[in-house]
K.L.:
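This structure is in structure tokens; I'll ask about it shortly.
For this chain, numbers begin at 1 and follow the sequence in order.
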Amino acid sequence: MWDVQAAESDRSRKARSGARSSLWMGRKSRWYLPASLITDLVGAGMPVALMFFAAHQPWAVPSGIVAGLAWAGVQLFRSRYAARVLGESRGTLPVLHDWFILLGVLAVGHAAAGVGLRAPLCLAALLPALLLTLVCRKAVHRHLAAVRRRAQAVIKVLVVGEPTAVDGVTAHLAARTDHPYVAVGAVPVGSGPFASGIRTGERLAATAPESSAEDADLVISAVHRLGADLVLVVPGAALFGERLRRLSWGLHDAGIELFVAPGLVEVSVKRLETESAGGMSLLRVAPPVREGTQPLLKGILDRSTALLGLLVLAPVLLVVAAAVKLSSPGPVLYLHERIGLAGRPFVMWKFRTMRVGADRGKAALAQENEHDGPMFKMRRDPRVTRIGHWLRRTSLDELPQLVNVLKGDMSLVGPRPPLAEEVAHYTPVEWRRLTVRPGMTGLWQISGRSDLSWDETVQLDLSYVDNWSFTSDVDLMARTFRAVVDGRGAY
């Protein structure tokens with residue numbers, strides 16, 4: 001009898017959990033899943049069938065059906081169709097990784113079936129699947145981001161913790177819209193006021209209550225009253241260890257998801273590892289990558305790409321140089337000292353976009369600075385030449401920096417190279433930007449460039465410095481192309 005009751009209780013708990021999960025998952029637009037699935041099936045199947053038919057290969061239609069089902073199967077196996085995942089990522093590398101898995105699966109199937117097909121033809125036929133899936137993912141992501149800016153398709157969070165800690169978490173969640181979490185209320189632990197003015201439930205005592213279910217009952221009541229989807233606990237001296245464990249029991253028995261905020265910010269999940277010591281859960285934060293294979297690969301990619309770029313873009317460089325020379329008197333190149341790795345100065349190359357002697361006129365324009373930090377930026381700087389405005393808009397003025405990359409002063413990807421006068425005002429936190437080589441592009445450039453505030457710029461650069469990986473550089477270079485075409489914030 002007890003087993004039957006326990007089984008029924010477990011089924012009831014799972015049903016409540018599933019209903020709660022589907023509730024907030026269902027807030028996303030319903031077309032995300034069918035659009036993604038149809039794109040994968042047709043995007044892989046149709047090109048294979050058409051190209052095989054045009055090349056007079058046998059079994060063209062069955063091959064297309066197999067390719068479409070295989071591509072959708074890889075996506076399903078990798079949980080790309082899960083409601084939690086749809087629209088959350090616009091990255092290129094995950095799709096590319098899935099595509100390589102598809103190639104492996106089809107290669108194994110090809111070998112097992114003993115069908116004679118030309119490898120170049122197969123690769124060409126499967127390439128549209130990669131491109132169409134990328135376009136679909138980015139479209140869904142952009143739509144979801146726009147919806148979330150209107151406070152829709154969000155996950156409603158009830159924050160539990162000491163007032164000061166809860167204020168910090170709610171402020172951090174509210175500061176950005178690139179995530180689905182919105183704090184709809186809080187359950188304070190102990191006394192103390194809330195600075196955020198967030199809605200609150202009945203307070204938990206500063207010390208653990210005698211009844212193990214008292215904390216859970218109060219939190220569950222607040223979840224239902226405020227319509228929260230999950231509980232986010234900020235551990236502290238009053239809510240830790242056994243008390244937190246018992247709270248998790250009550251929440252999970254009620255079918256409510258529990259998240260715990262460790263207090264870390266701007267740390268990539270790739271650097272986090274879970275461990276256990278004597279039954280206590282530990283969270284290891286891996287140090288930033290500074291040596292080993294990945295930095296070696298970065299150096300090889302930097303120099304080889306810079307050399308290839310200078311050779312391939314030589315005609316473009318000559319045309320731009322001629323345009324600069326003919327548009328205004330003065331040298332073609334602007335050579336200026338910047339601060340690089342570990343605070344070492346270097347001379348950075350750019351095509352000249354200002355009149356000769358523009359540096360001397362900077363002080364007179366100090367009151368016109370439109371940037372809130374040590375950087376000087378004007379949307380309509382009178383010192384910029386007519387051709388200079390166009391070069392900045394298209395980022396062509398930065399192409400000579402390939403020479404700096406080839407010399408090792410800069411990298412293809414990294415923080416913006418600062419001026420010495422800017423570095424003179426750096427705080428110890430801002431100095432951390434100089435622990436890696438500056439780059440031609442980076443998070444700053446693809447996120448709005450000069451439209452960003454100084455604090456946003458520093459935050460992006462520190463995120464790059466701490467969470468750098470070789471694959472992230474490749475992804476950033478792919479996203480740079482769109483930022484250059486867009487031109488937003490380039491002045």
K.L.:
Strictly distance-based, threshold 3.5 Å: is any side-chain N or O of Y334 a donor or acceptor partner for the main-chain N or O of D397?
P.N.:
no

K.L.:
If you look only at pairs with a residue in residues 288-301, which of them pass as a salt bridge (Lys or Arg N to Asp or Glu O under 4.0 Å), with sequence neighbours excluded?
P.N.:
K298-D473

K.L.:
Minimum heavy-atom separation for L391 to R352, with atom names?
P.N.:
CD1-O, 4.4 Å

K.L.:
State, to 0.1 Å, how close A125 and F52 come at their nearest heavy-atom pair, and which atoms those are.
P.N.:
CB-CE1, 4.3 Å

K.L.:
Could you report the tightest heavy-atom contact between L37 and A72, atom names first, then the distance?
P.N.:
CD1-CB, 4.2 Å

K.L.:
Roughly how far, to the nearest 0.5 Å, is CH2 of W468 from OG of S411?
P.N.:
8.5 Å

K.L.:
If I take atom CZ from residue F470 and atom CG from residue L296, how far apart are they, to the nearest 0.5 angstrom?
P.N.:
10.0 Å

K.L.:
More than 12 heavy atoms of other residues, nucleotides or ligands under 6.0 Å from NE2 of H179: is that the case?
P.N.:
yes

K.L.:
Would you call E257-R84 a salt bridge at under 4.0 Å N-O?
P.N.:
yes

K.L.:
For W349 and L399: C-alpha separation, side-chain torsions, deciding distance, then whether side chain to side chain contact (heavy atoms under 4.5 Å, CB included) applies.
P.N.:
CA-CA 8 Å; W349 293 30; L399 287 181; over 6 Å; no

K.L.:
Got F346 and L341 here, is their nearest side-chain heavy-atom distance under 4.5 Å?
P.N.:
no

K.L.:
Find out whether L106 and C122 are in side-chain contact, i.e. whether some heavy atom of one side chain is under 4.5 Å from a heavy atom of the other.
P.N.:
no

K.L.:
Short question: side chain of T385, backbone of M354 - any donor-acceptor pair under 3.5 Å?
P.N.:
no

K.L.:
Examine distances only and state if a side-chain atom of R80 and a backbone atom of V85 form a donor-acceptor pair shorter than 3.5 Å.
P.N.:
no

K.L.:
Is the shortest side-chain heavy-atom distance between S469 and V289 below 4.5 Å?
P.N.:
no

K.L.:
Pick one: which of E398, E430, E422 meets salt bridge (Lys or Arg N to Asp or Glu O under 4.0 Å) with R416?
P.N.:
E422

K.L.:
Given side chain to side chain contact (heavy atoms under 4.5 Å, CB included), test L144 with E88 step by step and report yes or no.
P.N.:
CA-CA 8 Å; L144 182 58; E88 302 297 345; 3.8 Å; yes

K.L.:
Mind checking what makes side chain to side chain contact (heavy atoms under 4.5 Å, CB included) contact with L283, not counting sequence neighbours?
P.N.:
P262, L264, L272, T274

K.L.:
Do T133 and W71 have side-chain N/O donor and acceptor atoms under 3.5 Å apart?
P.N.:
yes

K.L.:
Check step by step if side chain to side chain contact (heavy atoms under 4.5 Å, CB included) holds for H172 and V265.
P.N.:
CA-CA 9 Å; H172 191 82; V265 294; 3.9 Å; yes

K.L.:
For atom CZ of F53, decide whether the heavy atoms of other residues, nucleotides or ligands shown that lie under 6.0 angstrom number more than 12.
P.N.:
no

K.L.:
Which residues satisfy the salt bridge (Lys or Arg N to Asp or Glu O under 4.0 Å) test with K270, sequence neighbours excluded?
P.N.:
none

K.L.:
For D40, enumerate each residue passing the salt bridge (Lys or Arg N to Asp or Glu O under 4.0 Å) test, keeping only those at least two apart in sequence or located in another chain.
P.N.:
none

K.L.:
Please check if the side chain of H252 supplies one atom and the backbone of S248 the other of a donor-acceptor pair under 3.5 Å.
P.N.:
yes

K.L.:
If you take all heavy atoms of V61 and A49, which pair is closest and at what distance?
P.N.:
CA-CB, 4.3 Å

K.L.:
Between R433 (side chain) and V458 (backbone), is there a donor-acceptor pair under 3.5 Å?
P.N.:
no

K.L.:
Identify the two heavy atoms, one from A186 and one from I198, that lie closest to each other, and give their separation to 0.1 Å.
P.N.:
CB-CG2, 3.9 Å

K.L.:
Which distance, rounded to the nearest 0.5 Å, do you find between the CG of L443 and the CG of D461?
P.N.:
7.5 Å

K.L.:
CG/L134 to OG1/T39 distance, rounded to the nearest 0.5 angstrom?
P.N.:
11.5 Å

K.L.:
Flag the pair R338 and D409 as a salt bridge only when some basic side-chain nitrogen lies within less than 4.0 angstrom of an acidic carboxylate oxygen.
P.N.:
no

K.L.:
Hey, does T471 have a side-chain heavy atom less than 4.5 Å from the side chain of D475?
P.N.:
no

K.L.:
Compare all side-chain heavy atoms of V384 with those of R392 and state whether any distance is below 4.5 angstrom.
P.N.:
yes

K.L.:
With rounding to the nearest 0.5 angstrom, report the CH2 to CG distance, W99 to L126.
P.N.:
6.5 Å

K.L.:
Do V74 and H97 come close enough that some side-chain heavy atom pair is under 4.5 Å?
P.N.:
no

K.L.:
Looking at every heavy atom in both A44 and G68, which two are closest together, and how far apart are they?
P.N.:
CB-CA, 3.9 Å

K.L.:
Please check if the side chain of T305 supplies one atom and the backbone of D302 the other of a donor-acceptor pair under 3.5 Å.
P.N.:
no

K.L.:
To the nearest 0.5 Å, what is the distance between CG (L335) and CG (N404)?
P.N.:
9.0 Å

K.L.:
How about F259 and L230: do any of their side-chain heavy atoms sit closer than 4.5 Å?
P.N.:
yes

K.L.:
What pairs with Y32 under ring pair (Phe, Tyr, Trp, His ring centres under 6.0 Å), at least two apart in sequence or on another chain?
P.N.:
H143

K.L.:
Any salt bridge (Lys or Arg N to Asp or Glu O under 4.0 Å) pairs touching residues 51-79, not counting sequence neighbours?
P.N.:
R78-D98

K.L.:
Given the rule in the side chain to side chain contact (heavy atoms under 4.5 Å, CB included) test, do Y464 and L476 qualify, once you have shown the distances and angles that lead to the verdict?
P.N.:
CA-CA 10 Å; Y464 174 83; L476 281 170; 3.9 Å; yes

K.L.:
Hey, are the side chains of R303 and L307 touching, using non-hydrogen atoms and a 4.5 Å cut-off?
P.N.:
no

K.L.:
Between D229 (side chain only) and K156 (backbone N and O only), is there a donor and an acceptor less than 3.5 Å apart?
P.N.:
yes

